[in-house]
Asks: 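My questions all concern the structure below.
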Amino acid sequence: MNLSELKIGQRAKVTDIIGESAIKRRLMDMGFVPDSIVEIIRYAPMGDPVQVEIENIDIVIRKDDAKNIIINKL
């Protein structure tokens, strides 16, 4: 399952980041590293971008980038 599939209020643990190395590095620099806990806060009215809380930090990312974050629901 990837991060873009979660619903508002759901929490998950990051298991892997996929994609090109530049995208992977950028997501990891934002805090999306294996074993970190993420929660969906809200989606924009048209569904993109998505606001995510990761380790008590709010981050807004595009839905296409969220598809590169592999998770396990908690």
Asks: Could you measure the distance from the CD atom of E55 to the CG atom of D35? Nearest 0.5 Å is fine.
Replies: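 If I round to the nearest 0.5 Å, the distance is 9.5 Å.
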Asks: How close do K63 and D48 get, counting heavy atoms only, and between which atoms?
Replies: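 Answer, listing the atom of K63 first, then D48: N-OD1, 2.6 Å.
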Asks: Under 4.5 Å between side-chain heavy atoms, counting indirect links through other Ile/Leu/Val/Met/Phe/Trp/Tyr residues: same cluster for V33 and I23 or not?
Replies: yes
Asks: Flag the pair E53 / I57 as yes when at least one side-chain heavy-atom distance between them is below 4.5 Å, and no otherwise.
Replies: no
Asks: Please answer whether the main-chain N or O of I70 pairs with a side-chain N or O of T15 as donor and acceptor at a distance below 3.5 Å.
Replies: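 Such a contact is found between T15 side chain and I70 backbone.
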Asks: Can you list the steps and then say if N72 with M1 is a side-chain contact (heavy atoms from CB on, under 4.5 Å)?
Replies: CA-CA 7 Å; N72 283 332; M1 170 176 229; over 6 Å; no
Asks: Enter the distance from I54:CD1 to I61:CD1 here, rounded to the nearest 0.5 Å.
Replies: 8.5 Å
Asks: Closest heavy-atom contact between S36 and G31?
Replies: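 Shortest heavy-atom contact: OG-O, 3.6 Å.
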Asks: Heavy atoms, side chains only, cut-off 4.5 Å: are R11 and K73 in contact?
Replies: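 They are not in side-chain contact.
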Asks: Tell me, do L3 and F32 make a side-chain contact under 4.5 Å, heavy atoms counted?
Replies: yes
Asks: Measure across L6 and Y43 and return the closest heavy-atom pair with its distance rounded to 0.1 Å.
Replies: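 In terms of heavy atoms, the two residues are closest at O-OH, 2.6 Å.
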Asks: What distance do E39 atom CD and I8 atom CD1 have between them, rounded to the nearest 0.5 Å?
Replies: 10.5 Å
Asks: Given I69, which partner from the list N2, L27, I18 fulfils the side chain to side chain contact (heavy atoms under 4.5 Å, CB included) test?
Replies: L27
Asks: How far apart are the closest heavy atoms of K7 and I40, and which atoms are they?
Replies: O-CB, 3.5 Å
Asks: Give the intermediate values and the outcome of side-chain contact (heavy atoms from CB on, under 4.5 Å) for residues V52 and I41.
Replies: CA-CA 5 Å; V52 178; I41 303 300; 5.9 Å; no
Asks: What's the shortest heavy-atom distance between V14 and I17, and which atoms?
Replies: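 Closest approach of V14 to I17: CG1-CD1, 4.1 Å.
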Asks: Which heavy-atom pair separates I59 from M30 by the least distance, and what is that distance?
Replies: CD1-O, 3.2 Å
Asks: Looking at CD of E20 and CZ of R26, how far apart are the two atoms once the value is rounded to the nearest 0.5 Å?
Replies: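 It comes to 10.5 Å.
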Asks: Quick one: do D65 and R62 make a salt bridge, cutoff under 4.0 Å?
Replies: yes
